[in-house]
Each structure stands twice: as C-alpha cells, then as structure tokens.
Amino acid sequence: MVNEGRDAYVPSDVEAKWQRLWEERRTHSFTTEELESAQTPFYNLMMFPYPSAEGLHVGNIYAFTGADVHGRFQRLTGKRVFEPIGFDAFGIHSENFALKQGVHPMDLIPSNVRNFTRQLKRTGGMFDWDHMVDTTDPSYYKWTQWIFVQLFKAGLAERKEAPVNWCPSCMTVLANEQVLSSGQCERCGTLVEQRRIAQWFFTITKYAQRLLDNLERIDWSDTTRKAQGNWIGRSEGAELRFPILSADGSHTDSVIDVFTTRPDTIFGATYMVLSPEHPLVDVVTTGARRGVVDEYRAEAARKDLVARQKVDKTKSGVFTGGHCRNPATGEAIPVWIADYVLMEYGTGAIMAVPGHDERDFEFARAFDLPIVRVVAGEGADADSPLQEAYLGDGVLVNSGDFDGMPWLEGKEKITGWLAGRDLGRAVVNYRLHDWCISRQRYWGPPIPIIHCSACGPVAVPESELPVVLPRVEDFKPDDTGISPLARVEEWYRTTCPECGAEARRETDVSDTFLDSGWYFLRYPSTDFDDRIFDEDITRRWLPVDTYIGGNEHAVLHLMYSRFLTMALHDLGYLDFEEPFTVFRAHGLITHDGAKMSKSKGNVVIPDPIIEEFGADTFRLYLMFLGPFEEGGDYRDEGIQGPFGFLHRLWDTAVSAVDGDADPAVERKVHLTIKQATEQFPSLGYNTVIAALMECLNTVRAGGRQALRSEVEPLVVMVAPFAPHIAEELWERLGNQGSVFEGGHWPEYDEAKTVEDAVRLAVQVNGKLRGTVEVAKGTEEAEAVATARAEENVARHLEDVTERKVIYVKDRLVNFVVS
RNA sequence: GCCGGGGUGGCGAAACGGUAAACGCAGGGGACUUAAAAUCCCCCGCCCUCAGGGCUUCUGGGUUCGAGUCCCAGCCCCGGCACCA
C-alpha cells in the first residue's frame with residue numbers, strides 16, 4: 001500500500017518499527033543484575049508450547065495473548081514484569097513426527113523452534129528472549145536429570161513393575177494414545193497386549209493428602225481445583241482381612257486384604273474377587289481349577305490397557321476353586337478372579353457385596369452367586385428381595401449384633417470391631433497413582449541411573465551430569481530391544497560409580513512431563529550453568545505470580561509441577577511449596593461455532609491474518625471474542641470491528657488538540673478508566689474492550705475534535721491489547737520513551753465519574769411505563785411526584801388503587817396497584 | 001454414571017435482584033468519493049397499521065413490589081473422568 005500522507009495508520013510499518021525498537025532497547029529483557037535487584041517483581045508465566053512443524057495455531061496465540069495482556073497491564077501499573085517463553089520440545093509428538101518425515105528430531109526441532117520464535121516475535125508478546133528455555137538442550141536437561149537424582153536419593157523414585165501396552169509385531173511399548181479404540185496398534189494394526197516391565201516411578205502418592213489440602217489455599221480457577229481434587233480421589237474406608245482357607249476348611253498363612261468404602265456391608269460379602277494379576281491368585285487357586293484360571297489370566301493379559309478400562313456390559317470371570325473366611329459372618333466364601341477388579345486400585349482385591357454394589361450385583365447374577373440384603377431402606381426389611389443393588393440410606397439387617405444400626409454408624413462400628421480382632425483397620429485410599437516416568441523411547445533425557453549387578457541401581461554422580469542423549473540415526477523402535485538406546489552398546493556400557501565394576505546405563509528416557517514440571521524454576525536462572533536455580537533470584541521472583549494456560553493440563557502438568565515443587569521444598573531447595581500463586585484457565589476458541597481441527601479444515605491460520613490486519617488488530621479481536629476464561633467463536637468478518645476501532649483511535653489521536661474539557665466526555669473517560677482498572681486484573685478483557693470502544697465513540701461523537709487529555713488515557717488502556725499502535729500514538733502525542741516504562745496507567749477521579757442527573761425507570765406493577773430524569777440523589781417524595789406526573793405513567797394510574805410505592809434511589813420507582 | 005461449564009436477537013456477546021440485548025459482526029438506507037479502502041449519519045428481537053400496547057433470556061413451578069440473575073424439578077449442548085470397590 002502506498003503511504004499517502006504521513007498520518008495514515010499502516011499496521012505493518014508501526015509494528016515493524018516497534019518490534020525493532022523493543023529489541024534494540026531490550027525493553028523486555030532482564031540482565032542478571034536486574035533480576036537480582038528488581039523492585040516490585042511480577043512473574044508472568046504462560047504454558048510453553050511444544051514446537052510443532054505446523055507452527056503456532058490460534059489456540060496458542062489466544063492463550064499467549066491473554067497472558068501477555070495481563071503482563072503488560074501489570075507493567076503499566078509500574079511492576080517489573082518478567083515474561084519468559086520456551087519450548088517443550090522433547091516427547092513422543094516430536095519423535096513420531098520425525099519418524100514419519102524421516103528426519104532426525106535433533107535436526108527437526110531447531111527449525112521448528114526458529115519458526116515459532118519468528119511467529120511469537122511477530123505477535124508482539126513482551127517475552128524476555130534472553131531467558132528462553134529449550135527442554136532438549138543438554139544445559140537444561142542436565143537439571144532435569146539432577147532433579148531425578150535428588151528424588152532418587154530421597155527415596156522418592158523407585159523401580160517397580162507396571163503394565164505397559166506392548167505391540168507384539170513392532171516389539172515395542174506404546175503409549176495409551178497410540179492404541180486405537182479397537183485395541184490395535186496405530187502403526188501396524190496388530191492387537192496390543194499388556195506386559196509388565198520394571199519402570200521408574202516418582203512416589204507422588206506420598207504427597208496425595210498435601211496436594212489435596214493445599215488446593216484449599218491456592219487462588220486457582222475453580223474448575224482446575226475440582227479436577228485435581230477428583231484426580232487425587234480421596235476415599236475413606238477400611239482395609240479388611242479375609243483369611244484364605246485350605247481344602248479342609250482350616251486357615252492358611254495367607255490373607256487377602258481388600259479395600260472397601262462400605263465396611264458396613266461386610267455381612268453381605270458373599271464372595272471375593274481378585275484382579276487377574278493379583279499375586280495371591282496362585283496361592284488360592286486349587287489344582288482342579290488351575291487350567292481355567294491360567295487361561296483367563298492369559299486372556300486378560302492379551303487385552304491392552306485401553307480395552308481393559310472399557311466398561312463392558314457383560315462381566316467375565318472364573319472361580320479359582322479357593323475360599324476365604326468372611327471375618328464377620330465366619331462363613332467360607334468363594335474366591336473368583338475377574339478383570340473388572342483392577343490391580344491398580346486399592347489392594348487389587350475386593351469383597352463382593354452384590355446386594356449393595358451394582359457391579360457385584362451384575363456379576364452375581366451372571367454367575368449365580370448368592371445375594372444377601374444387609375441394608376434396609378424405608379419400607380424394606382431383612383427379607384425384602386433385591387431386584388437391583390440397593391445403594392441408598394438405611395439400617396443394617398442380617399448383620400448379627402449390628403442389626404438396626406444406621407449404616408453410617410455401622411461403617412465406623414464394624415471397622416472398629418474388626419480392628420479389635422486384627423481383621424481390619426480404617427484407611428484412606430487415593431485414586432492417584434505413582435507417577436511412572438520411564439519411557440521406552442528415544443526422544444527424551446536419559447534417566448541418570450547406572451545398573452550394577454553388585455550395587456543395584458546407582459545414581460550418576462552429579463559431576464557427570466548431563467548424561468547426554470547420543471545422536472542415534474536409527475532411533476526407530478524395532479525388534480532388537482526395548483529402548484532404542486539399548487542398541488547403542490558403546491553408550492550404555494559403563495562402570496559402576498560405586499564399586500567400579502562393569503555396569504550398564506539405564507536405557508529408558510524420562511517422561512516429557514518431567515521436563516515441563518519445573519521449567520518455571522529455570523527461566524529466571526538461565527544465566528547460571530553451575531546451579532539449577534539461583535537462590536536469591538528464586539526468592540525474589542518465585543512463586544509465579546500469575547500462570548495462565550489451558551485446562552487440558554489441569555491434572556497432569558499442573559499436578560506434577562506442584563509435586564516437584566513440594567518435593568524440592570522438602571529437600572531444602574525451595575522455601576515455598578506451591579509453585580503458582582494464581583492460576584487461570586483460559587477458554588477454547590471455536591471457528592464459526594465448530595471446534596477447529598485439521599480434518600475439518602477449519603483451522604484459523606494466524607500468519608495471513610496478521611499480514612493483512614496487523615498483530616494489534618488480531619490480538620484485540622481475539623480478546624474481544626468472549627470472556628477470556630470461557631473462550632469464544634472466531635468469525636472471519638468479525639475482525640473488521642477491532643480493525644476499524646484502531647483506525648478511529650489513530651485518527652482521533654493524531655488530530656487531538658489541547659483545550660477545555662467537556663464534562664460529559666470527561667466523565668465517560670473517568671468511568672472507563674475505573675472500569676478498566678477494576679476488570680483488567682480479573683481478565684475481563686472483552687468488556688474492557690467494549691468500554692474502550694464506547695469511550696472512543698463518546699470522545700468522537702458528532703465528529704467533535706478530541707482533546708489530548710481524552711485520548712491519552714485511551715492509548716494507555718489499549719496498550720496491553722495493541723502494544724505497537726499504543727507506543728506509536730504515545731510518541732506522537734509528544735511523550736518520550738516507551739508507554740510501558742514509568743507506570744503510565746491512568747488514574748480516575750471518583751468525583752468525576754458521578755453524573756448530576758439520572759434517568760429513573762418508572763414501573764407500574766413491575767412493568768416499565770416510562771422514564772423520568774431527576775437530579776442525582778433525589779429523595780423519595782420528589783422522585784415519586786415527578787414519576788407520577790409522567791404522561792404515560794399517569795394514564796396507568798387512573799382507575800386503580802395504589803397499594804404502595806417502591807423507590808430505589810437513582811434507579812426506579814415502582815407503583816404497586818390493584 | 002460421576003464431576004465441571006453452559007443454554008439471552010441472524011451471529012459473537014453485555015447486564016450490583018431494578019429500563020434485557022451495552023459493545024461488535026452481519027444486514028438495510030444514506031453522505032463523502034471518478035472508484036476503492038478508510039471515515040461519517042440513520043434503522044435493526046418478535047407481533048399488532050402510528051400514539052401506544054402485547055410478547056420475549058431452554059421448559060415448568062416457586063420466592064419477590066420486581067427474576068436472565070435466587071430456590072425446586074426437568075430438557076438439551078460442551079468439556080473432563082470413568083468397572084475407583
């Protein structure tokens with residue numbers, strides 16, 4: 001476009017100019033000294049992206065813009081805002097993409113990162129690029145490994161067997177998302193099985209209660225806190241002991257422990273069920289049943305983990321031939337195995353109470369097992385037949401001495417009674433599992449452990465970190481072994497750091513969520529390579545003031561980050577235990593009412609939009625779509641609104657003059673400042689933008705000449721959304737330096753926000769019949785008289801009896817009549 | 001099934017229990033312009049020919065002088081978890 005007249009708004013020129021100046025002046029960067037000494041520090045964090053080959057999508061830009069707007073607002077109010085960015089570039093996504101393209105991830109990632117960096121700079125975020133973090137950089141994952149070592153030394157990392165999805169054709173482990181819903185391998189279509197292999201776990205379950213308790217006192221989006229609460233899944237109940245009986249009915253040495261939330265129903269436990277993987281299956285199974293049991297277990301093992309979790313209408317299972325003694329009734333009850341009982345939850349064994357549990361009821365019906373009622377609700381007694389499991393309130397029946405007791409009381413009393421005989425105890429159980437961090441893959445940080453046949457697993461000495469991921473051209477999983485690194489003999493052959501004997505490195509890499517679980521600790525300390533984070537800087541900047549991100553990370557990433565912070569706190573490295581003081585989940589952007597997806601072909605591509613309208617307009621539009629925490633719907637034509645607004649703002653500002661204030665316009669400006677000041681902190685961006693538009697409309701109403709004093713506050717308030725044009729107009733209004741430096745957020749004068757006249761709504765029986773204008777603060781008698789005089793109101797008050805009059809000062813008058 | 005979040009004009013959305021639809025898009029009419037872009041003015045929930053009136057925030061009840069907003073019951077949509085004992 002030809003720039004005719006120097007006063008035309010040309011977004012690309014303005015944005016290029018200011019992006020260049022920001023970089024030259026290092027407006028958004030911190031030196032080490034600045035980080036060490038900043039007053040009023042504000043750590044503004046957003047979730048770092050995984051640098052895909054496709055580049056930034058609108059979802060990313062939406063999230064980053066919302067966070068950046070917050071940071072820029074804080075900066076305008078005078079805070080020193082640290083807003084870092086980085087790349088979460090390890091993991092299965094990158095690895096799979098690299099495999100598909102036939103490119104090595106070590107070549108792929110840098111070019112993706114370059115592309116992301118270019119796009120991020122173009123959108124105008126106030127990122128401190130001097131403190132960028134890339135999780136695949138050895139200088140970063142050195143510390144990821146260091147954290148593993150600390151947790152290992154503290155006994156928070158342990159090795160145990162766990163099931164994984166195994167493709168027998170690819171001979172490799174698959175993540176759950178690589179298993180199709182049909183239970184087939186997504187690559188070769190073979191039916192996936194489960195295998196049990198030894199893997200590394202962080203014992204996050206030790207922190208379950210603290211992770212739950214702290215939820216009460218952190219300022220996080222409610223939805224996120226609820227999701228974490230459910231994920232932790234605390235349930236109170238009892239662990240009860242059922243002795244295994246030998247063939248002649250005498251006790252053996254073995255006992256099956258079960259977890260139940262309903263110890264009150266133990267008199268109704270008519271059989272037991274073990275998970276097929278339960279270690280006591282071999283003990284309890286009788287010779288005659290060995291064949292069927294083994295067959296069932298093999299079949300269960302063939303089902304992959306995804307299929308296994310599907311709720312099947314028909315329950316399967318087999319009788320082991322063995323029996324246990326019900327510790328309450330003293331009766332011998334049969335022990336079955338069935339895959340509806342999961343080894344991962346509770347003790348992997350249940351007492352089945354078909355009368356009062358839906359799953360047990362269904363199973364008992366299918367296999368003709370006895371169903372006994374032990375809770376009677378209203379209108380039922382001990383002999384009332386059960387057509388379905390009864391889950392309601394009631395009193396205990398068929399329960400020996402406990403008959404007649406309310407079930408809630410029974411829970412406690414029966415647990416106590418069994419505990420007294422060493423047959424049970426009250427326990428709290430959590431749904432949360434330990435965090436499996438092993439990945440039998442290539443593209444991740446090697447787990448820093450050396451296996452020695454004499455010493456067992458030994459941590460790599462800290463002085464030898466990082467354990468560098470070797471460049472392996474053939475990183476594709478194949479049939480030679482579990483992890484690609486297990487093929488690189490010269491890499492894994494080493495010596496034991498403790499005894500010096502021949503030893504072997506761990507060949508698994510760690511979970512991406514470990515990389516992303518601590519990156520916020522690293523950002524302010526990237527200037528140091530001799531420590532994971534600097535103590536003083538960390539004390540000054542952390543915990544993070546505001547963290548903004550998607551709720552898809554409500555449980556995994558956010559839970560792991562909390563856990564790692566807590567663990568590092570307990571090990572004495574941090575003086576806080578919650579990493580994010582405030583967390584806000586943003587909403588989702590749809591396009592013409594539909595979720596964006598590549599297959600639907602309705603993905604909004606940012607680059608051409610920014611090219612056409614500029615980053616400022618794009619940012620403003622995204623924030624205007626709807627409430628930031630709820631998301632909004634992107635429509636291609638809608639961008640005209642914000643585009644026109646910035647044009648009008650430009651024209652108004654460049655032609656503004658000095659002069660005497662018009663009180664009505666001045667009032668609008670002050671009201672707008674008030675609203676923006678109140679709504680910015682709570683991310684109410686869409687209504688702030690509406691208010692700014694209204695204000696500009698008022699300032700320009702009837703083509704009037706705007707005053708500098710009216711436009712300048714508007715320029716500052718629009719700056720978080722549209723930083724480039726704001727800088728330019730700030731300069732053109734005659735100011736020196738950046739609008740973001742010096743705390744230029746406008747102040748409002750409460751006195752100037754009040755109107756002297758107000759419009760009262762006049763209702764008759766709650767229906768609007770007219771409006772009248774009165775002076776602000778008019779007392780009842782006068783206001784009612786004015787209202788009554790209004791022509792249309794008067795007509796509605798004829799031929800009726802007035803019962804009373806409601807007056808709300810400066811609001812309305814309501815005549816109640818009959 | 002459980003846990004969240006929602007249902008308001010043609011569309012995105014606003015509304016301390018107090019004039020429903022602010023702000024914007026789309027649409028219609030007009031001004032300026034050779035033309036386009038940008039800009040400016042007017043109209044815009046539905047029904048009744050205007051003054052005026054009636055109806056309208058998913059449905060049905062309730063509380064209240066007054067309910068989109070509070071309470072009860074139900075329907076629908078979206079997201080997450082799901083054989084959790």
Undergrad: Once you round it to whole Å, what is the distance between P of B/rC40 and CD of A/Gln705?
TA: 15 Å
Undergrad: Over how many whole Å does the gap from A/Arg234 atom CZ to B/rA85 atom C1' extend?
TA: 17 Å
Undergrad: Classify the side chain of A/Lys595 versus the base of B/rC78 as yes if they form a donor-acceptor pair under 3.5 Å and no if they do not.
TA: no
Undergrad: Using the P atom as the reference point in each nucleotide, state the distance between B/rC44 and B/rG29 in Å, no decimals.
TA: 15 Å
Undergrad: Using whole Å, report how far CG of A/Asp222 lies from P of B/rG6.
TA: 10 Å
Undergrad: Is A/His796 near enough to B/rG53 that one of its side-chain N or O atoms lies under 4.0 angstrom from OP1 or OP2?
TA: yes
Undergrad: Please tell me which of the listed nucleotides, B/rU19, B/rC23, B/rA38, lies nearest to the side chain of A/Gln640?
TA: B/rA38
Undergrad: How far does the C1' atom of B/rA73 sit from the matching atom of B/rC25, given to the nearest Å?
TA: 38 Å
Undergrad: Any idea which heavy atoms bring A/Thr270 and A/Pro370 closest together, and the distance?
TA: OG1-O, 2.7 Å
Undergrad: Taking salt bridge (Lys or Arg N to Asp or Glu O under 4.0 Å) as the criterion, tell me which of A/Arg704, A/Arg700, A/Arg667 meets it with A/Glu710.
TA: A/Arg704
Undergrad: Between A/Thr65 and A/Tyr685, do the side chains contain an N or O donor and an N or O acceptor separated by less than 3.5 Å?
TA: no
Undergrad: Between A/Arg795 and B/rG52, is there a side-chain N or O to OP1/OP2 distance below 4.0 Å?
TA: no
Undergrad: Determine the Euclidean distance between corresponding C1' atoms of B/rG68 and B/rU64; express it in Å to zero decimal places.
TA: 16 Å
Undergrad: Under 4.0 Å between a side-chain nitrogen and a carboxylate oxygen: does that hold for A/Lys809 and A/Glu779?
TA: yes
Undergrad: Report the residue (A/Lys226 or A/Leu760) whose heavy-atom-nearest nucleotide on RNA chain B is the more 5′ of the two.
TA: A/Lys226
Undergrad: Indicate whether OP1 or OP2 belonging to B/rU19 is found under 4.0 Å from a side-chain N or O atom of A/Asn814.
TA: no
Undergrad: Any side-chain N or O of A/Asn697 less than 4.0 Å from the OP1 or OP2 oxygen of B/rG24?
TA: yes
Undergrad: Nucleotides 11-15 of chain B: which of its N/O atoms have a protein N/O under 3.5 Å away?
TA:
from   : atom 1 : to       : atom 2 : distance (Å)
B/rC11 : O2'    : A/Arg635 : NE     : 3.2
B/rG12 : O2'    : A/Leu625 : O      : 2.7
B/rA13 : O3'    : A/Asn686 : ND2    : 3.3
B/rA14 : OP1    : A/Asn686 : ND2    : 2.8

Undergrad: Take atom P in B/rA14 and the same atom in B/rG24, then report the distance between them in whole Å.
TA: 15 Å
Undergrad: Run the salt-bridge test on A/Arg225 and A/Asp222 with the 4.0 Å N-O cut-off and return the result as yes or no.
TA: yes
Undergrad: Any side-chain N or O of A/Arg700 below 4.0 angstrom from OP1/OP2 of B/rC40?
TA: yes
Undergrad: A/Lys767 side chain N/O closer than 4.0 Å to the phosphate oxygens (OP1, OP2) of B/rC55?
TA: yes
Undergrad: Students often get this wrong, so: under 4.0 angstrom with heavy atoms, is A/Gly237 touching a base, only sugar-phosphate, or nothing?
TA: nothing
Undergrad: Looking only at atom C1', what distance separates B/rU69 and B/rG62, rounded to whole Å?
TA: 15 Å
Undergrad: Less than 6.0 angstrom separating the ring centers of A/Tyr621 and A/Tyr634, yes or no?
TA: yes
Undergrad: Tell me if B/rG9 is syn or anti. Syn = glycosidic torsion within 90° of 0, anti otherwise.
TA: syn
Undergrad: Can you tell me the distance, in whole Å, between the CD atom of A/Glu358 and the P atom of B/rC84?
TA: 9 Å
Undergrad: Which value, in whole Å, describes the distance between the P atoms of nucleotides B/rC2 and B/rC11?
TA: 32 Å
Undergrad: I need the single residue from A/Glu802, A/Gln763, A/His796, A/Arg769 that forms a side-chain contact (heavy atoms from CB on, under 4.5 Å) with A/Phe815. Which is it?
TA: A/Glu802
Undergrad: Rounded to whole angstrom, note down the P distance from B/rC50 over to B/rA15.
TA: 33 Å
Undergrad: With both distances under 3.5 Å as the test, what is the Watson-Crick or G-U wobble partner of B/rA21?
TA: none
Undergrad: Given atom CD of A/Glu637 and atom P of B/rC25, what is their separation to the nearest angstrom?
TA: 11 Å
Undergrad: Specify the separation, in whole Å, of atom CH2 of A/Trp650 and atom P of B/rU39.
TA: 14 Å
Undergrad: Just checking A/Asn792: base, sugar-phosphate only, or nothing, at a heavy-atom cut-off of under 4.0 Å?
TA: sugar-phosphate
Undergrad: Just so I know, are the side chains of A/Leu692 and A/Leu714 near enough to count as touching, which here means a heavy-atom distance under 4.5 Å?
TA: yes
Undergrad: On RNA chain B, check which nucleotide each of A/Lys804 and A/Asn429 is closest to and give me the residue with the more 5' one.
TA: A/Lys804
Undergrad: Using whole Å, report how far CG of A/Asp636 lies from P of B/rC25.
TA: 15 Å
Undergrad: Check every strand shown and say whether A/Gly703 touches a base, only sugar-phosphate, or nothing at a heavy-atom separation below 4.0 Å.
TA: nothing
Undergrad: Under a 3.5 Å cut-off for both contacts, is B/rG1 paired Watson-Crick or G-U wobble with anything, and if yes, with which nucleotide?
TA: B/rC81
Undergrad: With respect to the phosphate group of B/rG54, does any side-chain polar atom (N or O) of A/Arg769 fall under 4.0 Å of OP1 or OP2?
TA: yes
Undergrad: According to the Watson-Crick and G-U wobble definitions, with both distances under 3.5 Å, which nucleotide is paired to B/rU64?
TA: none
Undergrad: Does the structure show a Watson-Crick or G-U wobble partner for B/rC16, both distances under 3.5 Å? Name it, or say none.
TA: none
Undergrad: Look at the aromatic rings of A/Phe583 and A/Trp220 and report parallel, tilted or perpendicular, splitting at 30° and 60°.
TA: tilted
Undergrad: Does A/Met343 reach the side chain of A/Pro279, with side-chain heavy atoms less than 4.5 Å apart?
TA: yes
Undergrad: The side chain of A/Arg431 lies closest to which of these nucleotides: B/rA85, B/rC84, B/rC23?
TA: B/rC84
Undergrad: Nearest whole Å is fine: how far is B/rC65 C1' from A/Leu768 CG?
TA: 15 Å
Undergrad: Respond yes when some side-chain nitrogen or oxygen of A/Arg811 is under 4.0 Å from OP1 or OP2 of B/rG66, and no when none is.
TA: no
Undergrad: Just by distance, with hydrogens left out, do A/Arg803 and A/Ser818 show a side-chain donor and acceptor under 3.5 Å apart?
TA: yes
Undergrad: Once you apply the 3.5 Å cut-off to both distances, tell me the Watson-Crick or G-U wobble partner of B/rC50, or none.
TA: none
Undergrad: Looking across every strand, which nucleic acid part, if any, lies under 4.0 Å from A/Arg759 by heavy atom: base, sugar-phosphate, or nothing?
TA: base
Undergrad: Taking atom P in both B/rU39 and B/rG17, what distance in whole Å separates the two?
TA: 37 Å
Undergrad: Within the structure shown, what part of the strands sits under 4.0 Å from A/Thr223 by heavy-atom distance: base, sugar-phosphate, or nothing?
TA: sugar-phosphate
